**Student:** 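One structure is given below, represented as structure tokens, and several questions about it will come after.
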Amino acid sequence: MSQALLWEVSQSTLRLSGTLGRESLLAFWEQRESLVAQTEQIDVSGLEHVDSTGLAMLVRLKGEFATQKRSLNIIGMSDNLTTLMELYGVKSLLLS
């Protein structure tokens with residue numbers, strides 16, 4: 001069984017911890033609009049594992065912010081997450 005995805009909003013930062021993946025992100029995704037309403041950055045330093053579905057969610061969030069003409073910074077990326085971003089060719093999307 002996978003570890004849960006946990007989140008906490010503090011001022012303009014959304015902190016994610018645990019596992020960001022196919023089996024753990026549904027509850028977050030259903031609440032995302034209210035969670036990111038005042039968010040300017042997402043801190044992913046507490047994530048222990050991110051799979052391709054979790055990475056796709058980050059790309060989607062970044063796109064939603066761009067559509068709303070809002071900026072979203074993703075901070076605290078591990079070497080493993082950075083490698084996954086490079087493998088899928090989305091590093092420039094998430095770091096812009």
Side-chain angles (χ1 to χ4, degrees):
M1 184 168 175
S2 70
Q3 181 183 359
L5 173 63
L6 304 172
W7 56 86
E8 173 187 18
V9 178
S10 176
Q11 297 176 345
S12 62
T13 300
L14 171 64
R15 289 180 178 81
L16 300 178
S17 61
T19 298
L20 179 58
R22 182 178 57 86
E23 295 177 10
S24 65
L25 63 79
L26 183 60
F28 172 82
W29 191 251
E30 291 173 345
Q31 298 179 48
R32 79 185 182 286
E33 288 182 24
S34 63
L35 291 171
V36 301
Q38 301 300 317
T39 298
E40 295 175 9
Q41 66 182 6
I42 297 178
D43 182 350
V44 296
S45 62
L47 291 175
E48 296 175 14
H49 178 75
V50 179
D51 69 10
S52 59
T53 305
L55 180 62
M57 187 206 73
L58 292 174
V59 170
R60 174 76 185 263
L61 278 177
K62 188 82 170 185
E64 288 179 2
F65 272 67
T67 300
Q68 299 168 11
K69 304 213 184 309
R70 293 175 57 201
S71 176
L72 176 65
N73 295 316
I74 300 174
I75 62 170
M77 289 179 267
S78 67
D79 290 341
N80 288 339
L81 179 54
T82 301
T83 299
L84 189 63
M85 292 173 6
E86 290 171 349
L87 289 171
Y88 280 92
V90 297
K91 185 174 180 180
S92 63
L93 294 172
L94 292 175
L95 296 180
S96 61

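Numbering of residues begins at 1 and proceeds along the displayed sequence. Predicted model, so just to flag it, every value in this text is computed and none were measured.
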**Student:** Side-chain heavy atoms under 4.5 angstrom apart, residues restricted to Ile, Leu, Val, Met, Phe, Trp, Tyr: same cluster for Ile74 and Leu6?
**Tutor:** no
**Student:** Please examine the side chains of Met85 and Leu58, heavy atoms only from C-beta on, and report whether any two atoms are closer than 4.5 Å.
**Tutor:**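 A side-chain contact under 4.5 Å is absent here.
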**Student:** Who passes ring-ring contact (aromatic ring centres under 6.0 Å, His included) against Phe28, sequence neighbours left out?
**Tutor:** Trp7
**Student:** Going by side chain to side chain contact (heavy atoms under 4.5 Å, CB included), name the residues that satisfy it together with Ser78, two or more places apart in sequence or in a different chain.
**Tutor:**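 In terms of side chain to side chain contact (heavy atoms under 4.5 Å, CB included), with neighbours along the sequence ignored, Ser78 is linked to Asn80, Leu81.
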**Student:** Cluster question for you: counting only ILVMFWY and a side-chain heavy-atom cut-off of under 4.5 Å, with indirect links fine, are Val36 and Leu93 together?
**Tutor:**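 Same cluster.
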**Student:** Could you note down all residue pairs passing salt bridge (charged side-chain N to carboxylate O under 4.0 Å, His left out) where residues 70-90 supplies at least one of them, sequence neighbours left out?
**Tutor:**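 Non-adjacent pairs meeting salt bridge (charged side-chain N to carboxylate O under 4.0 Å, His left out): Glu86-Lys91.
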**Student:** Does Arg22 have any salt bridge (Lys or Arg N to Asp or Glu O under 4.0 Å) partners at least two apart in sequence or in another chain, and if so, which?
**Tutor:** none
**Student:** Using side-chain heavy atoms (C-beta onward) and a distance below 4.5 Å, is Asp51 in contact with Leu84?
**Tutor:** no
**Student:** Kindly state each residue pair satisfying salt bridge (charged side-chain N to carboxylate O under 4.0 Å, His left out) with at least one member in residues 25-38, sequence neighbours excluded.
**Tutor:**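 The answer is Arg32-Glu64.
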**Student:** Rounded to the nearest 0.5 Å, how far does CD of Glu48 lie from CG of Leu20?
**Tutor:** 12.0 Å
**Student:** Run the side chain to side chain contact (heavy atoms under 4.5 Å, CB included) test against Ile42 and tell me which residues pass, sequence neighbours left out.
**Tutor:**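 Applying side chain to side chain contact (heavy atoms under 4.5 Å, CB included) to Ile42 gives Leu14, Leu16, Thr39, Val44, Leu61, Leu72.
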**Student:** Which heavy atom of Gln11 sits nearest to which heavy atom of Val9, and what is that distance?
**Tutor:** O-CG1, 4.0 Å
**Student:** Let me confirm one number: the CG-NZ distance from Leu95 to Lys62, rounded to the nearest 0.5 Å.
**Tutor:** 7.5 Å
**Student:** Could you name each residue pair satisfying ring-ring contact (aromatic ring centres under 6.0 Å, His included) that touches residues 71-96, not counting sequence neighbours?
**Tutor:**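 Pairs touching residues 71-96 that pass the test: none.
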**Student:** Could you tell me if the side chain of Val59 sits less than 4.5 Å from the side chain of Leu94, heavy atoms only?
**Tutor:**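 Yes. Closest side-chain heavy atoms under 4.5 Å.
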**Student:** With sequence neighbours excluded, what pairs up with Thr13 under the side chain to side chain contact (heavy atoms under 4.5 Å, CB included) test?
**Tutor:** Arg15, Gln41, Asp43
